[in-house]
Amino acid sequence: MRSDFSTDPVPGAASPWCPERVRNPRTVMAVLLGRLAGWASRRLRIGEGAVISGRVALAVDPRALSRLAAGRRVVLVSGTNGKTTTAHLIAAALRTRAEVAHNDTGANMPDGVVAALLAQPSARCAVLEVDELHLGRVAEAVRPAVVVLLNLTRDQLDRGSEVRAVAARISAALARRPEVLVVANADDPMVVGVGRGAARVVWVAAGSHWRADADSWAPAGCPGPVPTWTARADAVDGPGGTSALRLSLPGAFNMGNAALALAAADALGVPPDQAADALAGVTSIAGRYAVVRRGRQAVHLLLAKNPAGWTELLPLLADATALLLVVNARPADGRDTSWLWDVPFEQLPDRPTVASGERAADLGLRLGYAGRRHRTEPDPVRALDLLPDGEVYVAANYTAFTSLTRRLTREAAGEVVGADPPTAPTGRPACPSRTGEGEA
Amino acid sequence: VTRDSAVRLAVLLPDVLGTYSDGGNATVLAQRLRWRGIPVEVRRVTSADVPPVECDLYLIGGGEDGAQAFAADWLRRHPGLCGTLRERAPTLAVCAGLQVLGRWVQDSAGHRHLGADILDLTTVPGSRRAVGEVVSRCAIPGVGSLTGFENHRGVTTLGAGLRPLGRVVRGVGNGAGGHGDGVLTPTVVGTYLHGPVLARNPALADALLSQVTGAPLSPLELHEQEMVRRLRLGRGAVRGAARVVGDLVPAGVPRRRLRRPGDRGG
């Protein structure tokens, strides 16, 4: 079912402070106090203010999520990898037609979602990326029109979230919302399992190379779903024909994300060709895929958070003249670094490589066993100094990525950069040293 | 040490019990043999295969509940393999892989699922999940301290004749009292430690390999190995450990209040 945008203004879009449709006094107070907290946080340079404003709003009005979402056309984007990118792509497509509320910094817990909604009270549309562990709760509250399911693979197992349990929770949530249109990746085995149980589903062949979480041991199922949309190298096939698509973002996995975005946009009435033009204009996403000039180095910043993400990233690294791999294990990354052994680092291209981050030693050990020559330097900025000029590709996991981008931004602004205060490691080695064992 | 033929490593059910990256243990063993000039062959034995019984060393890793029940049934369907693991071949069993070698594993609904009955041990669900860094003192002479990351709800009780692989000084391990982790028999090295455990503890890897080669192995120097061990065994490791006050006791058993700061999720 296709539901085009209406041209009617959103009721109450007039007041920039509080939309008229938010009539509940408690919610009005939540919006005002939430915004005040966000403003204070930005003003005091504590943070971007998204999480704190949402948190305050939810504390004032626990039902703020559903009340702020009421009356909007909401797209939820969830899955293990590609949430932020795909949400940006969908938002770009929908912006060709309407104002869109969007948690664009990647704050994807309920507080971040609330913050996005209260920041743009007049937006008739909302594109919200949602942490896969919170999808059920958010879908219950915001009554989405479309839920996009990208993929479900192992991630942060120390949070107590084995992938099958996550899939079961999402299935249960979708069963309570039969009116939702699910846009699902037909190539991800776990998503196929969830999508089959949904009342309304559009299948997208978005590609996936990660198979290790599939139910290979379960009884053989029926043949895979027939996709309505298919990602190709430079185009997307849809029900109405093929749309040429020249993404600015690299990687086959991003063509898959784009195909899912086109299907979601189409469901909300944006024709694929028009959406494809908007997608092509998306270049960098919350710092991801950004290229930072640093002396004679062009530093390409790539984020990978878990073994599936790293595995998808490896083919991109072939374009590099040097590689910097950065791994932390803070709570937001998952404290268990075992997953390094699920990434086929044996396939890393043969380039000057430095293993870095707070878990540089664990990463370096893994590279050594993979037979890859490398150096080890926990401080990623110092590690960049060890690498030759040219195209340096940086692959980093979550907190390593955000910390490094912040430092590179400050460095570019001419400030003296020091490392973030260390959390875990003590007794860092004074100087990098070479491991030659891998050559044996 | 020289051998005419390659050392045959078998990774059992990597498609079923591969959730916690324990496949890395095979990577470590194979590479440590290659670096010493000893030929090695790694066989991935999936649920679709008939398991070989002639391999020199077997590895079985951790997985989710449903996968674990499947693995237990699969082992019980292959008595020849079970005989090999019980009588002859050195075996590394991690987490769920350890549990399924026992007599039975009880699920949270109270149902007992039969194991392969290779080891006299039983497992029941604990009151909460043990997640975090572990340090133990290994019972194998010369191996020293073990470091790893545990993530399980199992409380494993060893039979009277069995002893644990290590004495836990940080973290939970078997959780059944006595501060034990895993099990050590003439053929089986069992543990709750991921990491993978052999990547973090090369002495344990070489202890297993020397059982196969029949002689001590020449030392290997890996620069980061020392860093990893120092960071995980030193004071920095305290931060990540599962801080359970007292032993993890089975659900329903009267106990003092368990406290575990930072516990999120099940």
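Proteins come first, then strands; the chains are lettered A, B, ... in the order of their sequence lines, and each starts at number 1. Only heavy atoms go into these numbers, but all of them, side chains included; no hydrogens, no water, no symmetry mates.
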* A:Asp336 side chain near B:Asn151 side chain, heavy-atom distance below 4.5 Å -> no
* Do you know which two heavy atoms are closest between B:Leu231 and A:Ala361, and how far apart they sit? -> CD1-CB, 4.4 Å
* Asked: When heavy-atom pairs shorter than 4.5 Å are enumerated against chain A, which of B:Ala199, B:Ala71, B:Gly24, B:Pro196 gives the highest number?
  -> B:Pro196
* To do: Taking the side chain as every heavy atom from C-beta outward, state whether A:Arg335 and B:Val131 have any pair of such atoms under 4.5 Å apart.
  => yes
* How far does OH of A:Tyr369 sit from CD of B:Gln225, to the nearest 0.5 angstrom? -> 5.0 Å
* Would a 4.5 Å heavy-atom cut-off, applied to side chains only, mark B:His194 and A:Trp339 as touching? -> no
* Under the salt bridge (Lys or Arg N to Asp or Glu O under 4.0 Å) rule, what do B:Arg129 and A:Glu162 come out as? Steps first, then yes or no, please. => CA-CA 13 Å; B:Arg129 220 173 159 84; A:Glu162 289 176 340; 3.5 Å; yes
* Asked: Heavy-atom distance under 4.5 Å between the side chains of B:Met227 and A:Thr376, does that happen here?
  -> yes
* Structure fact -> When rounded to the nearest 0.5 Å, the distance separating NE2 of A:His374 from NE2 of B:His223 is 7.5 Å
* Asked: For the residue pair A:Arg154 and B:Thr19, what are the closest heavy atoms and their distance?
  -> NH1-O, 3.6 Å
* What closest approach, in Å, do A:Leu365 and B:Val228 show between heavy atoms, and which atom pair accounts for it? -> CD2-CG2, 4.3 Å
* Indicate yes or no: at least one non-hydrogen side-chain atom of A:Arg164 is less than 4.5 angstrom from one of B:Asp65. => no
* To do: Could you tell me the separation between the CZ atom of A:Arg359 and the CD atom of B:Glu224, rounded to the nearest 0.5 Å?
  => 13.5 Å
* Looking at side-chain heavy atoms only, is the closest gap between A:Thr337 and B:Arg200 below 4.5 Å? -> yes
